[in-house]
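For reference, the structure discussed in these notes is given below.
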Amino acid sequence: MLERFSLLEKRFEELQEDFVTLKKDLVQLVEENHQLAHENHHLRQRLEELSPESAKQGLTEQNQEGDHKSSVGEGYDNLARIYEEGFHICHVYFGTPREEEDCIFCLKFFG
């Protein structure tokens with residue numbers, strides 16, 4: 001009887017370890033899901049802002065100007081706006097959502 005009890009205790013410990021592992025995996029998946037939902041929300045907002053008419057108008061204006069410096073300035077402004085929307089613009093984490101903190105790699109771009 002004592003042997004059966006020891007065996008049962010061992011199986012219980014193994015199950016408990018499996019539950020801990022599953023819990024960690026579940027937490028990781030929930031966090032990833034939340035992050036992707038947040039990013040998806042921002043991308044949908046951005047897509048709504050860019051209607052086909054405004055995109056065509058922007059391309060037409062850029063082609064008419066033909067000035068390389070204005071397109072560089074526009075790209076810089078776009079990256080600054082993306083950063084303000086909560087996404088990384090640095091080469092290390094480009095496009096991933098930022099936490100509430102500033103990223104030193106992204107800030108280096110502005111400096």
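Remember, it's a predicted structure, so these values are computed and weren't measured experimentally.
- Under the 4.5 Å side-chain contact rule for hydrophobic residues, F105 and L79 do not share a cluster.
- By the 4.5 Å heavy-atom criterion applied to side chains, L29 and N33 are not counted as neighbours.
- Judged purely by distance below 3.5 Å, without hydrogens or angles, the side chains of H38 and H34 never pair a donor atom with an acceptor atom.
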* Checking salt bridge (Lys or Arg N to Asp or Glu O under 4.0 Å) for the pair R11/E14: CA distance, chi angles, key distance, verdict? -> CA-CA 5 Å; R11 286 178 33 199; E14 290 171 356; over 6 Å; no

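- Atom CD of Q28 sits about 7.0 Å away from atom CD of E32, to the nearest 0.5 Å.
- Atom OG1 in T21 sits 12.5 Å away from atom CG in L26 (nearest 0.5 Å).
- Checked by atom type and distance alone, the side chain of R98 pairs as donor or acceptor with a backbone atom of E101 at under 3.5 Å.
- Remark: L36 CG to H41 NE2 distance equals 14.5 Å, nearest 0.5 Å.
- Shown here is Q45, whose CD atom has more than 12 heavy atoms of other residues, nucleotides or ligands within 6.0 Å.
- For the atom pair CD (Q35) and CD (E99), the distance works out to 7.0 Å, reported to the nearest 0.5 Å.
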Enumerate donor-acceptor pairs with a distance under 3.5 Å from any side-chain N or O in residues 80-93 to protein atoms, sequence neighbours excluded.
{"residue": "R81", "atom": "NH2", "partner": "N78", "partner atom": "OD1", "Å": "2.8"}
{"residue": "Y83", "atom": "OH", "partner": "D102", "partner atom": "OD1", "Å": "3.1"}
{"residue": "Y83", "atom": "OH", "partner": "C103", "partner atom": "N", "Å": "3.4"}

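- With a 4.5 Å cut-off on side-chain heavy atoms, F12 and L7 do not count as touching.
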